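Right, one structure below, let's go through it.
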Amino acid sequence: MNTTQCRFVTRRNTVLALSAIFVGLSLASVAQAEQRLEGEDALDKLTKPVSKVEFGVGNVTRNSLAGDYTGLGDKGAYAIGSLDLRGGDAYDSGGTQRWRIRGESLGLDSRRIDAEYGEQGKYKVRASFDDIPKMRSDTYQTPFNGVGGNNLTLPVGWVANVGAPTTATTNAASMNLSGMHNVQIGTDRKKGEGGVSVNITPEVEFSAGYKEENKDGTKITGGITGSSSSYASTLLPEPVNYNTRQFDANLSYNTKKGQFQLGYYGSLFENKNKALDWQNPWATNAGTGVVGGIAQGQMGLAPDNQFHQFNASGGYNFDKNTRLTVNASRGVGTQDQTFLPYVISPTNVTGSVITGGPLGLNLPTTSLSGEVVTTNLYTKLTARPIDKLNVAASYKYDDRDNQTASKAYYGILNDGASLVPDSYTPGYQLSQYNIARDVKKQTGTLEADYTFLPRTAVKLGYDFQEIDRTYSETDETKENTFRIGLRSTSVESGFAGGIGYLHAERTQSNYTYFATDSALAGGFSPGSVGQQKYMFANRDRDKVHANVSYTPPALAKLTLQADVGINHDDYSKSLFGMIDDRGWNTTLDATYAFSEVFAASAFYTHENTKADQLVPASGATITLPLAYGYKLTDETDTFGVGVKDKGLMDGRLELGGNASVVLAKTQYDERNVNGYNTPVLPLPEITSHAYTLGVNGRYEVSKNSAVKASYVWQKLTSADWGTQGIQNTTVSGVLPDGEQAPNYTVQFLGISYQHTFW
């Protein structure tokens, strides 16, 4: 089920992102028509920096998720504003000072502005700011007050379910869900950055930069209260209040034959909220009820951390045909945030004081004291040993050395189990260890490109990758990849295209489901038998990609293009888990220029992905025959047409329009295999259909001014059983959030004035 949800979220976000792109394209500034200038005006435009400003007003007809990333999510009027100001010495003056200020979407939450000033060959100073809104849901419901903060409280008079939530007859339906209210889920990211570069000498340059990013808002996370026999979960509005600061400094030395650079990079992350506390909606205000009187839940949030890295890179040209490039870096990431208290309440579900174990209520340490050292090396040699032959060889080394000490943490099951003192012993199921996993990856590549006919070349490639891991399901994976491609261009016939094939084989050391390491008293348990990780499994991969374009010599105004890709990942060597993953995609594109100022285009794409998974009858042991088979199918079709005419009214009027349709569906079916006799029915399709129609125009009032207008109509219909299925009485032990798959029809209208000067 989790796999299905993840796949659909990706698909739904793809549709929303495509829709947002079409809206942005339609509302963006139409390319300025070439103006009819004469005499000094024409000369000034060619020799002086050209500046533009635009201002106007637009309107959105309703609130919707169409504002994802665009800032157009709220109903009502908004300001249209953009600018591109340039100044400094004229291009024919001999001076080299230049400055520029650019701004886009200045009246929206998706605004961006940047500025730079410098003197060519001497120095440059730059600064920028941008804002990106991310909308996750506008139908999420919660009973909690204090959303956006780290302390969530229930409304006065909240009625809790006092029965066991695992019993279908005493579900969330018995709660007072009238106290639920809508909360918009999403984040707003604001980023500011600046930098300077100085040419100390013609060969030596120093540069430094600083970037600060703040992300605020909410996201949905799950919280559990209770013990294994009586638990309940709640989808919580987790507060997001992140601050990330990044620094970099580089010193480079450049000559005709070689380029060398030394640098530093640092990143400091801070989460303003260290923990999330919530009142338990499944317990009464008196602290009694379904989960043993646990009235409060608490979880730690993303901890503060930092990373510092020093790097060196260089390239040297031995001759005009041979070049060596080397990059190396060493970094240290640390996390030392103080742990939360061991428990919220020092009493268990029976009211007894919890004093068991060798540590009592004490943690083994006050913080993780985490430290990970990363080492990276990359080198590449390119050469042209003979005419028409290019060769390249590269090697990459990545080492993630986790130097964090492993310690035993003695748990209290969901803060609610009634445990006795002797339960706190090494090896007991509630003795958990932080595992310091290491990963070392080495990759080598060989490539050769040979032009054996005019405008026709063949390319061969080989890649080898080895990954070593500690405390993992498999200690080592190795992969060999072979690539071959052919590309050709024929000016005489108007054809150009290529085809490529890739085959890869990945093998792993013995996959272990339950491994024990003597260094850890409690052992190491990678996971459930039924959840074999496909990224570690043996796999054969095949990919084919081909593309062709055709421009008829007798009809140069027409261009046709086609692109197709086929891929297949075969996991049949695995006993269960992911067994097969295959897909194909194609794109058809056509453009026709009726004249120098009038053109039309159309395109179609299709994507299809299918995955099969097998699961044993038991998740704790390998039980044959296999019990269940799961099939996931993703399909997306996209159609689009566009037209633009820049020659109306003697070239003063420019009109354009586009239309698109995106149809996506996901089907997740559970089926019986090997005679397992439990009846299983297919789940409903998950669908997303997006329709967009946009028109825009630009009328040239004078040689340096114009009026622009745009209109966009957009409709989105979607259905998702994974979201809509969690309602008042459908899932035991889960507080419903009322969230719905997005469905809306929205219109955007804008009109603006543009002025150009130099």
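Being a predicted model, the structure only gives us computed values, none of them experimental.
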As an exercise, state the distance from [atom1] of [X] to [atom2] of [Y], rounded to the nearest 0.5 Å.
X      : Y      : atom1 : atom2 : value
Phe464 : Thr481 : CZ    : OG1   : 10.0 Å
Phe603 : Thr605 : CZ    : OG1   : 6.5 Å
Thr507 : Asn480 : OG1   : CG    : 7.5 Å
Lys631 : Leu614 : NZ    : CG    : 10.0 Å
Thr70  : Leu65  : OG1   : CG    : 10.5 Å
Gln508 : Asn538 : CD    : CG    : 4.5 Å

Check: [X]/[Y] side-chain N/O donor and acceptor closer than 3.5 Å:
X      : Y      : value
Asp398 : Asn376 : yes
Gln667 : Asp669 : yes
Gln465 : Asp463 : no
Thr666 : Asp634 : yes
Ser688 : Ser718 : no
Glu213 : Tyr242 : no

Of all pairs that satisfy salt bridge (Lys or Arg N to Asp or Glu O under 4.0 Å), the ones with a partner from residues 558-575, not counting sequence neighbours
Asp540-Lys573, Arg541-Asp569
Pairwise salt bridge (Lys or Arg N to Asp or Glu O under 4.0 Å) hits with a residue in residues 374-396, at least two apart:
Arg384-Asp387
Between Thr609 and Asp581, is the side chain to side chain contact (heavy atoms under 4.5 Å, CB included) condition met? List the steps.
CA-CA 7 Å; Thr609 300; Asp581 188 2; 3.8 Å; yes
Checking [X] side chain against [Y] main chain: does a donor-acceptor pair fall under 3.5 Å?
X      : Y      : result
Asp580 : Ser572 : no
Asn743 : Ala741 : yes
Ser137 : Gly186 : no
Thr692 : Ala659 : no
Asp399 : Lys440 : no
Arg437 : Tyr471 : yes
Ser509 : Glu476 : yes
Asp248 : Gln246 : no

Least distance between heavy atoms, [X] atom then [Y] atom:
X      : Y      : result
Ala436 : Ser406 : N-OG, 3.8 Å
Val662 : Thr636 : CG1-CG2, 4.2 Å
Ile185 : Lys219 : CG2-CA, 3.8 Å
Gln403 : Val373 : NE2-CG2, 3.5 Å
Met135 : Asp68  : N-OD1, 3.0 Å
Ala611 : Met578 : CB-SD, 4.1 Å

[X] vs [Y] side-chain heavy atoms within contact, under 4.5 Å:
X      : Y      : answer
Asp438 : Asp468 : no
Tyr265 : Phe307 : yes
Leu486 : Phe452 : yes
Gln561 : Thr587 : no
Leu301 : Glu238 : yes
Tyr691 : Leu663 : yes
Asn390 : Asn321 : no
Thr375 : Arg330 : yes

Under the ring pair (Phe, Tyr, Trp, His ring centres under 6.0 Å) rule, what pairs show up with a residue in residues 480-507, not counting sequence neighbours?
Tyr462-Phe482, Phe495-Tyr550
Evaluate the ring planes of His606 and Tyr604, with Trp represented by its six-membered ring, and classify them as parallel (under 30°), tilted (30 to 60°) or perpendicular (over 60°).
parallel
Any chance you could lay out the side chain to side chain contact (heavy atoms under 4.5 Å, CB included) test for Thr322 and Leu381, step after step, and finish with the verdict?
CA-CA 7 Å; Thr322 309; Leu381 178 67; 4.0 Å; yes
Is there a side chain to side chain contact (heavy atoms under 4.5 Å, CB included) between Arg539 and Glu479? Walk through the geometry before answering.
CA-CA 9 Å; Arg539 183 205 66 204; Glu479 185 165 2; 2.3 Å; yes
When Arg487 is tested against each of Thr451, Asn547, Asp449 for side-chain hydrogen bond (donor to acceptor under 3.5 Å, both in side chains), which residue passes?
Asp449
Where do Arg483 and Leu502 land on the side chain to side chain contact (heavy atoms under 4.5 Å, CB included) test, with the steps shown first?
CA-CA 5 Å; Arg483 292 174 283 117; Leu502 175 151; 3.7 Å; yes
